[in-house]
Structure formats: C-alpha cells, structure tokens
Amino acid sequence: MAQRKTKTKELDALLDAIDAAGNAEEFEVEGHKIAVSNLNKVLWPGTADHEPVTKRDYIRYLVQVSEYLLPHLKDRPLTLIRYPNGVEGKKFFQKHWEHKKPEFVDTIMLYSEHSKSDGEFITCSNVATLVWLGQLADLELHTTHTRTNPEPDGKKLGTTFTGSVANIDSSLMNYPDFVVLDLDPYMYSGKEKKGEEPELHKEGFEKTCEIAAALKENLDKLNVEAFVKTSGRTGLHIYVPIVRNIEYDMVRSIAEVIGRHLLKQHPKEVTMEWSVSKRTGKIFFDHNMNGRGKTLPSPYSARNSVEATISTPVDWKELPKIYPTDFTIWNVPKRLEKKGDIWSDILEHKNNMEKLKKTTE
DNA sequence: TACAGGG
DNA sequence: CCCTGTAACAGCTTT
DNA sequence: AAAGCT
C-alpha cells in the first residue's frame, strides 16, 4: 500500500496495528479503545482498475488522510451515509445516534423544524471518531456548509442553534463559509442500464475537467480563490471559500448566477436542465446543493465523500491538473466591488434579491 | 452496523 | 432465539 | 396533485 506514512508516530503505530489485526480487533486510538469487526469484508468490489477495497483498507485510509480530512469536518454537524454491506448493498442515512456512543464522539444540539424540537447531531473532531465511523461502514461524510465555531469571521453571528428556526436563521448555522459549484457529466458510455446514471468514463470526465478549468479560470481572473476536487462518482466540485456574510439562500442564488453565466459561455457543453434526458451529452451544473432546508445538516452537502476519492481515477495523465481541496478566506464584500463579468451579474442579482425581500416583507 | 421489538 | 425493521429528507421542476 | 430529481 503506497503512501502509508503519516506525520506522527502514533498514527503510524495505528496503521501498523490495523495491518496486523485479525478480522476483529480492539484498537487503541488516542488513548481510547475502539472495537472493530469484519476488517476483511469487501466494501468496494474489485474492478479491472483496482483490487477489492476492504473495511481494513478503508479504516486505514481514513487514518492516513485524517490530518487533511479532520480540519474540514471539525465544527460541522454530520450526515452519515452508511453501507454496512458495501457500496453495492443497501445504504441508509443517519443524523442522530440513539444508541450508546463512545465518550470521544462529540455532538451538537440543533433545532429541526421537521421534528419541531432540538436534536443531537454527530460531529467528528478526532481520529478515534474517524475510526469509529469506519467501523460503522459510514462511507460518506456529509457536512453542513457552516461551522459552529465563530472564529475568525463569524463573531457577529448568533451561537444559539436550539429552540427555534428563528434562532438558526440568525446564527452561524445559516451562514455558509463556502460556495460549491457542482459539475456532473451526463455523458453515457452506452453500457448503462435504462434509468441508470452515467457511469464514469474518460470522455465525460475529461469534458468535466475542461469546463471546471474554464470556470476556475473565470474565478482566477477575478482573483477569487477556488479549489477543484473530485466529488461523487463521476464529477467535480469547485469550492469557493467565503466570509460568512451571506445566508444560505443568497449563496444558492449566487451559485445559480455563476451557473447561468457558465451556461452562456458554453451553451453546447453545459446544462442546468431538470430533466435527465435534456442533460444528455452535457455537463450538468447543480446549484441546489447550496440550499439549506428546514433541517440541518442539509443532506445535499456531499463534501467529503471518501467513495469519490477511491472510485474516481485522477491519474489519467493527460487530464488538466486537479487541485487539492484547501481553504482560505475569500472576502466576499471586497471582491464584489470588482466590476465586470460574473460579478456584475452577481451584484445585480444580489441587489434584486434584496429589493424583492423588502417588497415581500 | 447496531440495536429493539415481535413472533 | 431468530427474524425483521429502522436508522433522513426538503425543495425544486415538470407534467 | 403527483412524479421526477438531487
């Protein structure tokens, strides 16, 4: 297994223990005991391109990437998507943990309009929790686009997340710290069964990379930092870090404006159509994942799908460079002062939205 | 996967 | 004891 | 209203 060294001796020792373990074992992680089972169970079946990936491989992988992954999970309520019988078996979503939970697992209370009450949500703030999530066969880690920590840019926002929707609305949980621009190829290989999503194939992924590169270039020219990353199975995400001044609704409509702009630039290659048949042969731009919904965390927020990093081949040599996800603060109000292109559209849209809000109030 | 509940 | 069920979910678009 | 889609 390549690249198994991490920054710390403790994690390296844990990796060794994972390698040496039998099918079931108890690990010591950061001073906590974690029981794991079925380490030899295949979670991703083997293909022509890769060997089968077992639960052992998966947990090892989580430990290896923990120093990169944890900073992005920290302070963000989670939605788990669990696949106890592997990616081809039945999956289920989970936000709450009703059972006994280990003492190292942190949670946060949030109000949900759906249940009309406060609920306890899981967060992941340490390696032990990451291993525990691996044991639960949680193959997808979805987070809110918001952080519960006000530092460094959210000090004016509310820190009460319980009691009412109004409390959520005025709190940090209504102010995302990034925009996500989602690009998915609807280019079929021809081997898909009827009604199936397009499978991953080279031409579709290449085209997505081209469009993503064009979009990133737009943003680069405006001095807006953006980061391209593989997403679900076949597509790419572009993350634009923002200062927390804009509510979910506004972030969503800004993503839409960016999409319309991209669509104008590449009408033959990009689509924002609802119906799948009309998307065929094009790259689908989805702005809706920037929305919030009445319950948190929003299930749309697929930010840390580990499945993606395993199933998407990023090493096709001739493809445009894929940028690692990284986050720095992009100051929206300052950038919005810039004229031209996308930003005049966004600025106009933002003003219109605010006018609309005033007239409907 | 982990657990509760019913037969 | 074994078997089965449950663990989320809202909003948007189109017909 | 219902179904399709993420």
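Every heavy atom of this structure was used, including side-chain atoms; hydrogens, water molecules and symmetry mates were not. Here is the naming used below: chain letters follow the sequence lines, and residue numbers restart at 1 for every chain.
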Q | N or O in side chain of A/Lys55 less than 4.0 angstrom from B/dT1 OP1/OP2 | A | yes
(Q) A/Thr129: which residues meet the side chain to side chain donor-acceptor pair (under 3.5 Å) condition with it, sequence neighbours left out? (A) A/Asn126
Q) What is the nucleic acid contact for A/Asp138, judged by heavy atoms within less than 4.0 Å: base, sugar-phosphate only, or nothing? A) nothing
Q) Out of C/dA8, B/dT1, C/dT14, which nucleotide sits closest to the side chain of A/His96? A) C/dA8
Q. How are the rings of A/Tyr248 and A/His145 set to each other: parallel, tilted or perpendicular (split at 30° and 60°)?
A. tilted
Q: Name all residues meeting the side chain to side chain donor-acceptor pair (under 3.5 Å) criterion together with A/Thr160; count only those two or more places apart in sequence or in a different chain, and write none if there are none.
A: none
Q: Report the distance from atom CG of A/Asn23 to atom C1' of B/dT1, rounded to the nearest whole Å.
A: 14 Å
Taking only distance into account, with no hydrogens and no angle test, what donor-acceptor pairs under 3.5 Å do side-chain atoms of residues 85-93 of chain A form with protein atoms, sequence neighbours excluded?
from: A/Asn85; atom 1: OD1; to: A/Lys41; atom 2: NZ; distance (Å): 3.2

**Q.** Secondary structure string for DNA chain C (Watson-Crick or G-U under 3.5 angstrom, | for other-strand pairs)
**A.** |||||||..||||||
Q. What integer distance in Å separates A/Asn288:CG from C/dA10:C1'?
A. 11 Å
Q: Find out whether A/Ile81 and A/Leu139 are in side-chain contact, i.e. whether some heavy atom of one side chain is under 4.5 Å from a heavy atom of the other.
A: no
Q: Send over the distance from A/Met289 CE to C/dA8 C1', rounded to a whole Å.
A: 16 Å
Q | Lys/Arg N to Asp/Glu carboxylate O, A/Arg244 vs A/Asp153, below 4.0 Å | A | yes
Protein N or O to nucleotides 1-4 of chain D N or O, pairs below 3.5 Å:
from: D/dG4; atom 1: N2; to: A/Trp274; atom 2: NE1; distance (Å): 2.9
from: D/dG4; atom 1: N3; to: A/Trp274; atom 2: NE1; distance (Å): 3.3

Q.
Rounded to whole Å, please give me the gap between CG in A/Asp286 and P in D/dT6.
A. 8 Å
Q | Interatomic distance, A/Phe93 CZ vs C/dT6 P [rounded to whole Å] | A | 17 Å
(Q) Classify A/Gln135 by what it touches in the nucleic acid, base, sugar-phosphate, or nothing, heavy-atom distance under 4.0 Å. (A) sugar-phosphate
Q. If only side-chain N and O atoms of A/Asn85 are considered, is one of them under 4.0 Å from the OP1 or OP2 phosphate oxygen of B/dT1?
A. no
Q. For atom C1', what is the distance between C/dC9 and D/dC5, given to the nearest Å?
A. 13 Å
Q) Are the ring centres of A/Tyr239 and A/Phe227 closer than 6.0 Å? A) no
Q) Within this structure, what is the NZ-to-C1' distance between A/Lys101 and B/dC3, rounded to whole angstrom? A) 15 Å
Q: Tell me, please, whether A/Tyr186 has A/Arg279 positioned over its six-membered ring: NZ or CZ under 6.0 Å from the ring centre and within 45 degrees of its axis?
A: yes
Q. Taking atom C1' of B/dT1 as reference, at what distance in whole Å does atom CD of A/Glu140 sit?
A. 16 Å
(Q) Taking any heavy-atom pair under 4.0 Å as a contact, classify A/Lys91: base, sugar-phosphate, or nothing. (A) nothing
Q: May I ask you to evaluate whether A/Arg279 reaches the phosphate of D/dT6, defined as a side-chain N or O under 4.0 Å from OP1 or OP2?
A: yes
Q.
Starting the side chain at C-beta, find the nucleotide from C/dA8, C/dT14, B/dT1 nearest to A/Lys95.
A. C/dA8
Q | Rounded interatomic separation in angstrom, taking OH from A/Tyr83 and C1' from C/dA7 | A | 15 Å
(Q) Using ring centroids (six-membered ring only for Trp), state whether A/Trp44 and A/Tyr58 fall under 6.0 Å. (A) yes
Q) With rounding to whole Å, what would you report as the distance between B/dA4 and C/dA8 at their P atoms? A) 16 Å
Q) Can you list the residues that meet the side-chain contact (heavy atoms from CB on, under 4.5 Å) rule with A/Glu98, with sequence neighbours excluded? A) A/His96
Q. B/dC3, C/dT14, C/dA8: which one has an atom nearest the side-chain heavy atoms of A/His99?
A. B/dC3
Q: Mind checking A/Lys278 for me? I need base, sugar-phosphate or nothing, with any heavy atom below 4.0 Å counting as a touch.
A: nothing
Q. Of the candidate nucleotides C/dT14, C/dC12, B/dT1, which contains the atom at the shortest distance from the side chain of A/Arg252?
A. C/dC12
Q. Could A/Lys9 and A/Asp16 be called an ion pair, given the rule that one side-chain N must be under 4.0 Å from one carboxylate O?
A. no
